[in-house]
Amino acid sequence: MFPTILFFVFAAVLLCAALGVILARNPVHAVLLLVLCFFTSAVIWLLLDAEFLAIVLVLVYVGAVMVLFLFVVMMLDVNIEEMRKGLAGYWPLALAVAGFVVFAILNVIVVKHLGGLTITAAAPSPVGYSNTRVLGTALFTRYAYPAQLAAVILLVASVAAIVLTLRQRTGGKLQNIARQVAVRAKDRVRIVKMASEKRP
Amino acid sequence: MSFSAANFNAGLAYARPEIFLGIAACAILLLDLLLTDAQRHWIGVLAVLSLLITALLAAGQPVSGRIIALGGMFELDRMAQVLKVVSLLIVALVFIYSTDYLRRRAILKGEYYVLGLFATLGILVLISAANLITVYLGLELMSLCLYAMVAFDRESGKAAESAIKFFVLGSMASGTLLYGMSILYGVTGSLQLSEIAAALHNGLAANVGILFGIAFIIVGVGFKFGAVPFHMWIPDVYEGSPTCVTLFIGSAPKIGAFALAMRLLPEGLGFSQPDWSQMLVVLAVLSLAIGNVVAIAQSNLKRMLAYSTISHVGFILLGILSGTAQGYQAAMFYTITYVIVATGSFGMILLLSRQGFEADMLTDFKGLNVRSPWFAGLMAIHMFSLTGLPPFVGFWAKLGVLQAVLSVNDTWLAVVAVLFSVVGAFFYLRVVKLMYFDEPTDVAVIGGSVLMRTMLSTNALVVFALGMVPSALLVLCQRALP
C-alpha cells in the first residue's frame with residue numbers, strides 16, 4: 001500500500017514538473033524543474049527495484065548534465081520574449097496537431113484498450129536481487145556489442161565537438177613557454193663591434 | 001535467449017569487417033596528431049586503404065542463409081554482405097573524389113576522413129542489425145558523424161546553418177523512431193526483430209498498438225530516406241554543405257536508409273505489411289510528385305540533385321511497399337545503382353570546382369563539351385541514367401520497380417511513377433542540352449588529379465556497363481533477397 005501511495009505522489013509531482021518545464025517563462029526555472037523531473041523519476045525507478053539506474057540518473061543527469069545546462073542557459077542570455085514573438089502566431093496549427101496526437105493516443109489506449117492487450121504486474125523480485133549485478137551481467141554479456149557501439153558514439157561525439165570548436169587563431173600573441181625557457185642571451189642581445197669615433 | 005561466452009566469441013568472426021573498420025578509424029584518428037599539414041593527404045590514402053581491406057573482409061565471408069550472432073544483436077545474410085561491400089567501395093570512391101577538393105579549399109583535415117569512417121561503421125552496423133538497439137545505435141552513429149561533417153567547414157555560415165537544420169530535424173526524427181520502437185517493445189515485449197516478427201505472426205499483427213508504433217517508425221524511416229513530407233532538410237543540407245560532404249551524404253547513407261527500412265519493415269514487421277504499405281504509398285507518390293516537379297525550378301545543380309534524390313527515393317519506396325521478394329530485389333537494385341550514379345554526378349561537380357569557385361550552378365555546365373568532350377560524355381551518361389533512358393542502368397532499375405508494382409496490381413502507382421519520370425526527364429536532359437548546345441561561360445582548364453579523373457571515368461563506365469549488362473547485379477540482388 002505504502003509504495004502505491006509513494007508512486008502516485010511522485011508521479012503527480014513528475015507530471016507537474018514536466019509541464020512546468022515547457023510552460024516556465026524563465027529558462028533557468030525550466031532547467032530547475034527538469035532537475036525535479038529527474039529526481040522524481042529516480043524515485044519511481046527505486047520503487048521498481050532499479051536502484052542502480054536511479055542513482056546513475058541523479059549522479060549523471062542531475063549532477064553533471066543539468067549543471068552544464070544551467071551554465072549554458074545562464075551564459076547565453078537568450079531573450080525569450082524576443083524569440084517567442086513570431087511563435088505565438090502558430091498556435092492554431094500547434095493546437096490542431098497536439099489535439100490530433102492526443103486524440104490518436106487516447107483512441108489507442110482508451111477506446112481500443114491497446115487491442116485487448118492485458119498488462120500484468122511484474123513479478124516481485126526475489127530476495128537478494130541486485131539490480132546492479134543484473135545490469136552489469138547483461139551489459140558485459142548479451143549487450144556487449146551495443147555497449148561497444150555506444151562507446152564509439154561517445155568517441156564520435158567528442159571528436160565532433162572538438163572539430164567544431166577548436167580554433168587555432170593565426171596571428172594571436174601567445175606565449176610559447178618552451179621557447180622562452182630555451183632562449184639564450186645570444187638570441188636576444190647582439191654585440192656589435194664598432195670603431196670608436198672622435199668627438200667632433 | 002540464453003547467452004554463452006563461447007557462442008559470443010565464435011560470433012565475433014562474423015563481425016570482422018566492423019571490428020577492423022572501428023580499429024582502423026581509431027588508429028587514423030591518433031595518427032592524424034603526428035602528421036604535419038604537408039603529410040596530411042596520407043590520412044586519405046590510409047582511410048581508402050582501410051575501407052578497401054574492410055570490403056575484402058566483408059566480401060570474403062562465407063554466407064549461407066541467415067547468421068545471428070553476438071547475443072542476437074548481429075545478423076549476417078546475403079543482403080547484408082552485398083550492401084556492406086557496395087557501401088564500403090562507394091565511400092572509398094567518395095574519399096578519393098574529396099581529397100582534391102579539400103586540399104584546394106585548405107580544409108584538408110584528418111577529421112573529415114575519421115568522421116566519414118565512423119559514419120561508414122554506423123552504416124555497416126545498421127546493415128547487420130538484428131535488434132532494435134543495434135538498429136538505433138547504428139543509425140545514430142551514422143547521423144552524428146553526418147551532422148558534424150556538414151558543419152565541418154567552419155568559415156562557411158551557410159554550412160553551419162544547414163548543419164543546425166539537419167541536426168534539429170534529424171534528432172526529432174530519431175526521437176520519433178525511438179518512440180515507435182518503444183511502442184513496439186511495449187506491445188510485443190521484445191527488442192529482437194525475429195521475436196517481434198514471431199509475436200506479430202501469433203496474432204498481434206492486428207493490434208492497434210502495433211499500427212501506432214508503425215506510424216512513428218515510418219516517420220523515422222521517411223526522414224532518413226528524405227521522402228516527402230519529411231524531405232525539408234535535403235535541399236538545404238545538400239546546398240549548404242561543402243560539396244564533398246554533399247557527395248558523402250548523397251551516397252552511402254542512402255544504402256543505410258534502405259537497410260533500415262528493410263530490417264524494420266519486411267523483417268520485423270512483415271506480418272503488418274498491408275498497414276505500412278498504405279503509409280508508404282502516400283510517401284512514395286508525394287516524393288515522386290514533389291521531387292520531380294520542384295527540381296524543374298532549381299538553378300543550383302546541388303539543389304536540383306537533392307530534389308532528384310527525393311524523386312528516386314519515391315521509386316525505392318515503391319519497390320519496398322509492393323511487399324514481395326521481387327519488389328525488395330528491385331528496390332535493392334535501384335538503391336545500389338542510384339548510389340553509384342549519384343556519386344558520379346556529384347563527383348563531376350567536385351571536378352569542375354576550384355579554389356573560390358563552386359561549379360554548382362547549372363550555368364557552370366554550359367558548353368562543357370567544348371571544354372572537355374570526354375567529361376561532358378561522362379556527365380551525359382549519368383544524366384541519361386538518372387532519367388531512366390534505355391539502355392542506361394536507370395532504365396533497368398525503374399523497369400524492375402514498375403514490374404514489381406504491376407505484379408501486385410497497383411497499376412495506378414506504376415502510371416503515376418512513369419508520368420512523373422517523364423516530368424523528371426526535363427531537368428536531367430536540360431543539363432545535357434546546356435553541355436552540348438550552349439556556349440561556355442567558364443573557360444578555365446579542368447583540374448583534378450589523375451587518380452580522380454581515372455576514378456570518375458571508371459565510375460561512369462561502370463554505370464554504362466551496368467546498363468549494357470545489368471544481369472550480374474540483378475542476379476546478385478535476387479540471391480541476396482530470395
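So that the names make sense, note that chain A is the first sequence line, chain B the second, and so on, each numbered from 1.
- Heavy atoms of Leu141(B) lying under 4.5 Å from chain A belong to its backbone as well as its side chain.
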Thr141(A) and Phe8(B): CA distance, side-chain angles, deciding distance, side chain to side chain contact (heavy atoms under 4.5 Å, CB included) verdict: CA-CA 8 Å; Thr141(A) 55; Phe8(B) 188 88; over 6 Å; no

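- Across Val114(B), Leu121(B), Leu115(B), a single residue satisfies side chain to side chain contact (heavy atoms under 4.5 Å, CB included) together with Val156(A), and that is Leu115(B).
- To the nearest 0.5 angstrom, Leu144(B) atom CG is 11.5 Å from Leu155(A) atom CG.
- Only the side chain of Val159(A) comes within less than 4.5 Å of a heavy atom in chain B; its backbone stays farther off.
- Taking CG of Leu137(B) as the reference point, atom OH of Tyr145(A) lies at 9.0 Å (rounded to 0.5 Å).
- Other residues, nucleotides and ligands contribute at most 12 non-hydrogen atoms within 6.0 Å of the CZ atom of Phe52(A).
- Residues meeting the ring pair (Phe, Tyr, Trp, His ring centres under 6.0 Å) test with Tyr136(B), sequence neighbours left out: none.
- One distance of note links CD of Glu111(B) with CD1 of Ile162(A); it measures 8.5 Å at 0.5 Å rounding.
- Looking at Leu29(B), the atoms closer than 4.5 Å to chain A (heavy atoms on both sides) all sit in the side chain, from C-beta outward.
- Residues Arg142(A) and Asn131(B) form a side-chain contact, since some pair of their non-hydrogen atoms from C-beta on lies under 4.5 Å apart.
- Residue-environment remark: CZ (Phe38(A)) exceeds the threshold of 12 foreign heavy atoms within 6.0 Å.
- The one candidate from Val125(B), Ile133(B), Leu70(B) that meets the side chain to side chain contact (heavy atoms under 4.5 Å, CB included) condition with Pro146(A) is Ile133(B).
- Residues from residues 186-197 of chain A never place a non-hydrogen atom less than 4.5 Å from a non-hydrogen atom of chain B.
- Scanning both residues, Arg154(B) and Leu164(A), for their nearest heavy atoms gives CD-O, 3.3 Å.
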